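So the structure is just underneath, and the comments pick up after that.
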Amino acid sequence: MSSLPVASKPQPYSRETVRKTSRLRGATVTQGVCPYCAVGCGQLIYSKGGQLIDIEGNPESPINEGTLCPKGANAFQLAVNPHRVTQVLYRAPFSEHWETKPLDWAMDQIARRVKAARDADFTVRNEAGRLLNSVRSIGTLGGATIDNEENYLIKKLFGGGLGVVSIENQARI
Amino acid sequence: MQTKTNLPSPTGYAGIVTKPPEWHTLVVFDILFNNLTTGLFLVAAVGELAAPATFTPVATWAYPVALALLLADFACLVLDLGDSLRFHHMLRVFKPSSPMSLGTWSLTVYSLLLTAIVAVEFVAAAGWVPGDSAAAWWIRTLAVVVGLPFAFGSAAYKGVLFSTTAQPGWKDARWLGAYLVNTAVTLGAAELLVIAALTGEQLAVDTLRLAVGLLIVLNLVALALLVGDLYPLLSRLYARREFGVAGLFVLLTGVVIPASSLLAGGVPVTASVAVASLILASLGVRFAIVRLPHDAT
Amino acid sequence: MPGLGASFGRGAATTFQQDLANSDCILIMGSNMAEAHPVGFRWPLKAKEKGATLIHVDPRFTRTSALCDVFVDIRAGSDVAFLGGLVNYVLSNDRWFQEYVLNYTNASTIIQEGFQDTEDLAGLFSGYRGDGETGKYDAVEGHWGYEGCPGGTGDPAGSGQSFRVRMLRGEHGIQGHDLEGGAPSHSAPRKHMTTAPGGTPPRDPTLQHPRCVFQILKRHFARYSPEVVSRVCGCTPEELVRVAELLCANSGRERTSVIVYALGWTQHTTGVQMIRTAGILQLLLGNMGRPGGGIMAMRGHSTIQGSTDLATLYDVLPGYLPQPAADEQHETLHSYVEHEGLPTGYWANFRKFVVSLLKAWYGDAATPDNDFAFSWLPRVDGDYSQLLYFDRMARGEVKGYFLFGQNPGGGGPNAGLHRAGLRNLDWLVVLDWFEIESAVFWKNDPNGPRPAEIKTEVFFIPAAASPEKEGSLTNTQRMLQWHDKAIDPLGDCRSDAWFLYNLGKRLKQLYAGSTDPRDQPLLRLTWDYDFEERPRLPDGTVSRIEGEPDLEKVLQEINGYHLDEADPRTGRPRLVTAFSELKEDGSTACGCWIYSGVFPEPGRNRARERKLTDNPLQPEWGFAWPDNRRVLYNRASAAPDGRPWSQRKKLIWWDQESRHWVGLDRPDFEQEKPPDYRPTPGATGMAAIAGDQPFIMKPDGLGWLYAPGAVKDGPLPTHYEPVESPVGNLLYPRQTCSPTVRTFEGPLNLLAHTPTADYPVVATTFRLTEHYLSGPMSRFNSWLNELQPAMFVELSPELAADRGIVHGGWLTVESARGRIEARAMVTRRLRPLLVEGRMVHQVGLPFHWAFAGEVVGGNANDLTSLVADPNVSMHEAKAFACQIYAGRLAGHTPTPTKSAAPWPTREPVPDTPAAAQPEGRLGHGK
Amino acid sequence: MASRELEVVHSPQVETPPSRGPLSAFLDRLIGPFHRGEAPERKPAMGFYTDTTVCIGCKACEVACKQWNQLPADGFAWTGNSYDNTGELSATSWRHVKFVEQFADNQPPEPTGNGRVSLHVLPDQPHDVRWLMMSDVCKHCVAAPCQQACPTGAIIHNEFANVYIQPDICNGCGYCVAACPFGVITRSTLSGHAHKCTLCYDRQKDGLVPACAKACPTASIQFGPIDELRERARRRVEELHRRGVPGARMYGSAPTETYTELHSFYLLVDRPEVYGLPEAPFNPWLHMLGDYFRTAIAGAVTLAVPLAAFLLWGA
């Protein structure tokens with residue numbers, strides 16, 4: 001069958017079609033790293049007017065060379081997602097529902113609870129007289145999905161500052 | 001949002017890959033009205049031109065009827081679009097490669113001419129111009145003559161539209177266009193017969209009874225050719241029994257009833273019965289045709 | 001990853017993903033790389049295109065298997081047997097790389113008299129204390145140590161004292177307290193296992209000495225014959241031999257093979273030993289430290305390596321320094337260093353690292369007089385790992401808990417017990433993006449009590465998405481990459497850093513003025529990371545967020561700085577350029593010594609560097625610890641004489657002219673130490689490491705075929721059945737499961753002990769490409785949910801027929817912990833295996849579903865058990881016993897907590913017209 | 001700080017249309033589509049080459065496509081057809097990864113009475129098994145039936161010789177759906193218009209690779225000048241034959257008796273039907289003239305009947 005006669009005929013372009021460009025024009029691009037697995041794919045994050053408009057692989061990254069897996073390609077929907085919580089939620093003991101609260105209130109409440117628990121349970125030495133200087137009734141979990149610096153701050157504040165010993169993350173699981 | 005069946009399908013991708021368009025009942029009636037209006041116009045025009053004395057009075061009533069049917073057809077067409085407010089985009093291009101484009105254009109021209117004819121008649125009937133005004137006659141005749149090819153085109157494109165698709169059944173229906181245009185004329189003749197009977201043009205009635213009779217037989221031939229095309233698929237889709245029932249229905253409504261009512265006499269009642277029965281028959285066939293790809297996939 | 005640390009010195013992947021493309025043969029085992037790390041799998045495929053052979057050994061035929069040249073299916077949990085078979089093949093057929101093994105491994109080292117192998121004791125090593133089901137090894141009494149080393153030769157420091165088996169540094173899980181807590185009162189310094197008072201322990205270069213490691217190794221693996229292995233694993237002897245032959249044929253001077261593993265190995269009670277066996281195999285074949293060789297550990301989370309390095313773990317401090325224990329030896333800095341340090345090898349610098357960390361944390365408050373505030377560090381007196389802590393939590397012993405982007409209520413092993421734990425807290429703080437299981441357990445758990453019966457107070461702090469914050473991530477190849485902040489977080493969303501920084505500030509305020517010594521660590525904690533001025537977003541606008549910490553300041557602290565020297569450019573302390581600059585006199589501060597060099601000078605954040613060069617290793621893209629070395633132990637890429645083993649496989653080599661190690665990579669070795677350097681007797685530190693000893697983290701500079709006291713369940717890998725298995729141990733009939741495994745049975749954690757008849761089906765959990773973990777980052781995303789919308793179980797047609805289960809129908813899986821329902825994916829990709837002459841069925845369970853999100857379903861982790869391997873308290877999700885039958889589960893089934901969001905969710909941002917930008921500005925799409 | 005490479009240097013001169021009243025807006029809506037845009041100069045033909053032998057079925061292409069084109073999900077239904085829960089190409093799924101498990105007897109046996117399965121069937125079965133994966137997409141036919149069918153000129157062959165549906169023109173007649181022999185197009189239940197892969201026309205215009213091809217981690221989906229791709233594919237097939245991969249073949253890289261070449265073509269290792277592709281696609285327009293002819297004849301014959309009647313007896 002003869003090839004291409006159709007394509008060579010003049011085509012009825014609409015004005016919009018002619019005007020069409022990629023939405024990346026005029027966007028600000030930021031260096032990102034995929035938040036999912038440990039492969040560490042480089043991503044380019046495009047934003048315009050304070051809004052995310054696109055996230056895709058960084059073609060220069062020697063690890064992924066611009067490619068992504070379905071989860072990496074989904075990074076945009078992970079950030080721009082109607083299910084995301086954008087206010088502090090609080091559930092009182094035995095309550096059946098969430099209440100939304102101011103961030104400042106929550107920070108204050110949490111700090112007070114930490115202090116109360118620490119003051120009550122801080123142990124300097126155990127029965128055997130060995131040095132403990134630890135709090136065993138508070139713990140933290142997580143770190144493998146956040147940033148290095150945040151992990152360091154967790155260990156420093158909770159471990160070095162408060163004396164919390166049960167500081168854990170996904171590495172074990 | 002689309003939803004898929006939650007039943008697990010057997011693994012693999014055997015079977016038909018094409019997807020049927022969302023063409024259902026509206027399309028069935030679109031085809032029917034298309035045939036009714038174009039057929040009526042064609043037969044009336046031919047009659048008027050071949051034997052003016054006998055048929056002009058009948059045709060005079062036929063054209064307004066054809067216009068009404070055409071409007072009904074347009075309604076179907078527009079409503080069947082995904083975005084009805086964009087119907088006029090059809091006229092953005094003239095594309096002979098697309099039967100739908102061709103059809104839309106001929107329908108448009110046909111509708112304009114038909115409107116002109118009816119308008120002239122109305123003006124004459126209202127007595128705003130003398131009934132024997134040469135100008136009026138010329139315009140009307142010209143419109144009729146020019147209208148003929150466009151009316152024909154409007155009737156002819158439908159079948160080709162269906163047969164130039166990738167859909168199971170349709171794509172094999174080499175004689176679909178032939179069958180539809182044939183049915184159009186048959187129906188048209190029958191409609192004209194009713195009008196003739198109502199207007200009491202005896203000669204026209206007798207001539208049309210004969211014509212319709214012959215056309216019915218011819219229509220059977222066209223249908224046979226079509227079924228021949230579709231047989232492989234039909235036999236796969238439907239049981240022999242369903243097949244027989246359908247055949248019986250078509251034979252009864254398409255041949256036996258109209259034929260016998262025509263033999264019974266040329267009064268409006270018998271003519272109307274014949275038309276009604278024929279319409280019933282063609283509706284049945286059209287339903288079957290439109291359903292084909294949906295049933296097949 | 002202690003398996004790697006025990007064998008080589010550092011518990012991290014020894015190479016980088018792109019290097020897989022240089023391999024001649026890739027054994028993927030315990031990993032479903034194509035599905036769990038699709039982009040990483042790009043590199044094995046490149047190798048394949050270049051002619052390499054890809055082998056996949058797995059219980060299931062997966063998307064990885066589909067792309068591999070060879071696929072062998074084995075019974076889940078029988079990996080040590082299979083690998084042992086490979087080791088045995090290499091040894092018994094003399095296919096090992098002689099020159100490499102002789103010089104670079106401890107094959108010739110002689111082990112103490114009195115060490116007894118599993119061969120002698122029917123599945124146990126000498127020094128075992130316990131009933132065979134649970135117990136501990138005493139490596140000293142077991143005489144695991146090197147000949148002539150005090151650890152067990154009557155040396156006062158060691159003799160007769162219970163030696164607490166410890167992993168050498170480079171791994172986490174160092175303490176190894178038993179469940180009841182309380183470290184043994186005495187323990188010999190770890191150096192006593194491997195360091196002879198007078199220089200190097202005796203060796204036999206002929207490898208003939210009956211007690212030399214090589215001979216012990218031969219005896220130990222002798223019984224792992226292809227026939228026996230095939231009966232344990234369910235594969236055919238031919239399949240094993242084929243894999244062995246492929247590996248041997250693709251190893252040596254000219255060729256290299258690599259082994260890739262992931263959580264398919266780690267999530268076993270014998271996981272550490274699986275990795276150990278792989279290490280032994282790679283050492284014997286001479287593949288370590290060479291291009292296209294090594295062991296590539298594919299880790300699961302974006303910075304799971306970083307969170308391990310920076311130690312959000314109970315038993316380590318940043319940089320793999322052991323968390324002090326409630327031991328006499330850890331009371332003072334001196335005795336701590338004495339016990340945990342090593343006289344030879346790089347760990348001789350131990351004290352520098354500890355002191356620098358204390359200076360980084362406590363600043364001026366850490367002085368030589370107060371032992372640099374060493375006593376302020378909390379001491380561990382038991383196992384505070386996640387599993388154990390939730391067990392405690394479920395018994396109501398915990399008051400408050402923080403969740404930073406983790407979802408134990410959905411993804412924890414035996415998640416039911418984890419939810420019970422959450423229900424028994426006084427208060428819980430959840431930082432996340434979505435209302436995950438661990439945040440809504442009190443109202444949406446279909447099998448939980450009514451909210452009115454749950455006391456837990458829950459604070460949900462909305463977290464910033466990754467484009468809404470900056471920071472660095474350490475990927476699976478130890479490479480730090482910084483990601484920039486693109487936009488401000490939505491509404492009240494805040495970065496975890498913001499939360500921590502401001503919580504710290506508030507706590508300091510609450511405690512302000514306290515003179516109680518216990519409060520001093522917090523009050524004196526250095527905590528000043530404010531931005532100099534409100535930061536700007538990339539588009540130039542000023543950030544709306546107040547109180548965000550400057551994370552580059554944090555990274556600088558992690559990198560380390562000189563306290564006695566100011567940087568003229570900034571007036572702030574001068575940054576260290578490498579950990580070699582760290583001092584033990586308190587004049588340097590460093591938050592994590594292995595990361596030193598990541599921020600060598602002001603304004604130069606190497607994690608942020610994105611420079612491409614013509615060096616295929618791309619050393620200027622990101623920063624790999626340690627010291628930007630991309631291939632660890634790369635000294636081994638050259639022969640003992642310093643010349644590359646072959647041109648084809650050259651990486652670094654000794655350059656006689658410049659008298660330096662040169663090449664593509666940063667040498668993982670002293671740059672100026674010639675190959676012919678020999679230590680003087682009694683030399684300490686790096687001076688004790690000869691010029692041909694590549695494993696500098698090891699006290700003897702050698703790769704450890706035999707790991708004395710490095711792992712708690714034996715110096716050599718041994719096949720034990722999983723805690724739950726339908727079959728007994730064919731290799732050691734008298735010893736079914738690991739003798740040192742820790743099980744915690746209780747009403748919430750029942751076990752079906754091996755061999756179990758009640759639960760005859762072997763279950764293994766797995767990850768799908770389309771989802772992520774228990775779903776917090778995928779089951780709220782419609783684009784992913786539509787790709788894998790429902791929980792299903794993969795099973796063989798035979799099993800399906802046996803149980804009357806039809807493809808696509810419903811089935812119920814039951815374990816001793818619970819039951820779940822799922823759709824049946826009946827497929828030939830799973831086969832029943834012939835084990836012990838009987839047919840063993842296996843089922844595969846994806847672990848992505850639970851009760852919160854757009855799609856919900858049966859949670860595989862409601863079935864898994866809470867058991868802990870002795871080394872790292874790792875559970876066993878990859879092999880447990882279950883029973884399955886047709887039909888749905890009676891009772892509550894979860895319903896989605898969110899409905900699929902219509903998309904797009906907002907008006908598109910208007911296009912910038914072409915006119916606004918000259919053509920050709922968008923050339924970056926390649 | 002972030003690179004600014006994409007930031008606009010000059011302030012954008014957006015062509016803002018003068019504020020108009022509802023009437024003129026209505027008129028514009030009426031007349032707008034009749035304004036033709038000036039056809040851009042033709043560029044070298046671009047297309048997709050999908051090498052199924054390296055596809056790992058990760059579906060990155062599907063998500064990347066949905067993300068770039070901001071398409072909604074198609075509903076959460078588990079099909080049980082291996083790992084394929086997308087099911088089909090549609091107005092909201094422009095990429096579709098297919099999974100074909102090829103094992104001896106892939107159908108699960110019926111449950112037996114006692115259900116015991118004898119040992120001899122296992123486990124010494126050979127492993128000569130395959131799990132084929134393929135990312136399907138619009139074929140961008142050189143002579144595309146959908147384009148030929150389109151009555152509004154919404155579907156065009158754009159300057160890259162790709163088949164593109166202009167969303168501002170399509171009125172949802174559905175003819176393209178009927179015309180496509182590959183079942184690629186459907187009508188969106190949301191907009192009522194037909195949609196399909198645009199081969200990222202907007203990205204191409206800015207010199208960017210289509211989202212799916214860029215995302216594909218194993219280069220199974222390759223994008224580029226069609227001639228280069230064909231050459232690359234040809235070499236790849238030879239390579240595969242050398243390696244003894246039986247049945248490696250091209251699909252759509254060359255014209256056939258009944259169809260033109262495709263600007264999105266495939267490298268397969270089995271018969272096209274196995275992947276749900278028509279063995280020999282047929283361009284319906286090969287029939288059109290003949291059908292018109294038959295119709296015309298039939299019409300003439302039919303009309304002749306009443307005409308004769310009228311002439312003979314009607315006068």
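Just so it is clear, the structure is predicted and the values come from calculations on it, not from any experiment. Labels below follow one simple rule: chain letters A, B, ... track the order of the sequence lines, proteins then strands, and each chain is numbered from 1.
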Region of [X] that comes under 4.5 Å of a non-hydrogen atom in chain C:
X: Asp104(A); answer: both
X: Leu68(A); answer: backbone
X: Asn58(A); answer: side chain
X: Asp108(A); answer: both
X: Thr123(A); answer: neither
X: Asn126(A); answer: side chain
X: Val164(A); answer: backbone

Working to the nearest 0.5 angstrom, can you tell me the gap between [X] [atom1] and [Y] [atom2]?
X: Arg610(C); Y: Ser61(A); atom1: CZ; atom2: OG; result: 8.0 Å
X: Tyr36(A); Y: His771(C); atom1: OH; atom2: NE2; result: 10.0 Å
X: Leu490(C); Y: Gln87(A); atom1: CG; atom2: CD; result: 11.5 Å
X: Asn64(A); Y: Gln18(C); atom1: CG; atom2: CD; result: 9.5 Å
X: Arg136(A); Y: Tyr389(C); atom1: CZ; atom2: OH; result: 9.5 Å
X: Lys156(A); Y: Ile558(C); atom1: NZ; atom2: CD1; result: 9.5 Å

Handout entry: Arg118(A) NZ/CZ over Tyr511(C) ring centroid, <6.0 Å and within 45° of normal
Key = yes
Practice task
Determine, step by step, whether Ile110(A) and Phe402(C) satisfy the side-chain contact (heavy atoms from CB on, under 4.5 Å) criterion, reporting the C-alpha distance in whole Å, the side-chain angles of both residues, the deciding distance to 0.1 Å, and the verdict.
Solution key: CA-CA 10 Å; Ile110(A) 294 166; Phe402(C) 290 82; 3.8 Å; yes
Practice task
Using distance alone, with no hydrogens and no angle criterion, decide if Ser782(C) and Gln77(A) have a side-chain donor and acceptor under 3.5 Å apart.
Solution key: yes
Exercise for the section: Verify the distance criterion only: is there a donor paired with an acceptor across the side chains of Asn169(A) and Ser307(C) at less than 3.5 Å? Expected result: yes
Go through [options] and name the one with the most non-hydrogen pairs under 4.5 angstrom from chain A.
options: Asp432(C), Leu773(C), Leu522(C); answer: Leu522(C)
options: Leu784(C), Asn502(C), Leu551(C); answer: Leu784(C)
options: Leu480(C), Leu403(C), Leu473(C); answer: Leu473(C)
options: Thr541(C), Thr769(C), Leu317(C); answer: Thr769(C)
options: Pro908(C), Ala311(C), Gly622(C); answer: Ala311(C)

Which of the residues [options] is involved in the greatest number of heavy-atom pairs with chain C at under 4.5 angstrom?
options: Met107(A), Arg23(A), Arg112(A); value: Met107(A)
options: Gln43(A), Lys101(A), His97(A), Gln109(A); value: His97(A)
options: Ile55(A), Val124(A), Val135(A), Ile154(A); value: Ile154(A)
options: Gly161(A), Ala117(A), Gly40(A), Ala38(A); value: Ala38(A)
options: Ile45(A), Thr67(A), Ile53(A), Leu78(A); value: Leu78(A)
options: Cys69(A), Ala128(A), Pro35(A); value: Pro35(A)

Closest contact, heavy atoms only, [X] versus [Y]:
X: Ser137(A); Y: Val398(C); value: O-CG1, 3.5 Å
X: Arg91(A); Y: Pro451(C); value: NH2-O, 2.9 Å
X: Met874(C); Y: Ala171(A); value: CE-O, 4.0 Å
X: Trp903(C); Y: Pro82(A); value: CZ3-CD, 4.0 Å
X: Ser166(A); Y: Tyr314(C); value: CA-CB, 4.4 Å
X: Ala79(A); Y: Ala465(C); value: CB-CB, 3.9 Å

Completion exercise
Sorted by chain and residue number, the ring-ring contact (aromatic ring centres under 6.0 Å, His included) partners of Trp98(A) (sequence neighbours excluded) come out as Trp442(C)
Exercise for the section: Over 60° means perpendicular and under 30° means parallel, so classify the ring planes of Phe76(A) and Trp783(C), tilted if in between. Expected result: parallel
Side chain of [X], backbone of [Y]: donor and acceptor closer than 3.5 Å?
X: Arg379(C); Y: Val165(A); value: no
X: Glu331(C); Y: Leu131(A); value: yes
X: Asn133(A); Y: Leu377(C); value: no
X: Glu60(A); Y: Leu612(C); value: no

Handout entry: Heavy-atom contact with chain A under 4.5 Å, split by part of Arg518(C)
Key = both
Under 3.5 Å donor-acceptor pairs involving side-chain atoms of residues 138-150 of chain A, not counting sequence neighbours:
from, atom 1, to, atom 2, distance (Å)
Thr145(A), OG1, Gly405(C), O, 2.9
Asp147(A), OD1, His483(C), NE2, 2.9
Asp147(A), OD2, His483(C), NE2, 3.1
Asn148(A), OD1, Thr303(C), OG1, 2.6
Asn148(A), OD1, Thr474(C), OG1, 3.4
Asn148(A), ND2, Ser472(C), O, 3.4
Asn148(A), ND2, Ser472(C), OG, 3.0
Asn148(A), ND2, Thr474(C), OG1, 2.8
Glu149(A), OE1, Ser472(C), N, 2.9
Glu149(A), OE1, Ser472(C), OG, 3.4
Glu149(A), OE2, Ser472(C), OG, 2.6
Glu150(A), OE1, Asp147(A), N, 2.8
Glu150(A), OE1, Lys469(C), NZ, 3.0
Glu150(A), OE2, Lys469(C), NZ, 3.2
Glu150(A), OE2, Asp496(C), N, 3.3
Glu150(A), OE2, Ala497(C), N, 2.9

Handout entry: Test side-chain contact (heavy atoms from CB on, under 4.5 Å) applied to Glu96(A) and Lys443(C), step by step
Key = CA-CA 7 Å; Glu96(A) 310 242 329; Lys443(C) 62 169 181 165; over 6 Å; no
Problem - Worked check of side-chain contact (heavy atoms from CB on, under 4.5 Å) between Asn81(A) and Phe434(C) - result: CA-CA 9 Å; Asn81(A) 189 314; Phe434(C) 306 109; 3.6 Å; yes
Handout entry: Electrostatic pair Asp381(C)-Arg125(A), nearest N-O below 4.0 angstrom
Key = no
Problem - Residues Glu168(A), Leu313(C); criterion side-chain contact (heavy atoms from CB on, under 4.5 Å); working and verdict - result: CA-CA 4 Å; Glu168(A) 283 281 287; Leu313(C) 292 166; 3.8 Å; yes
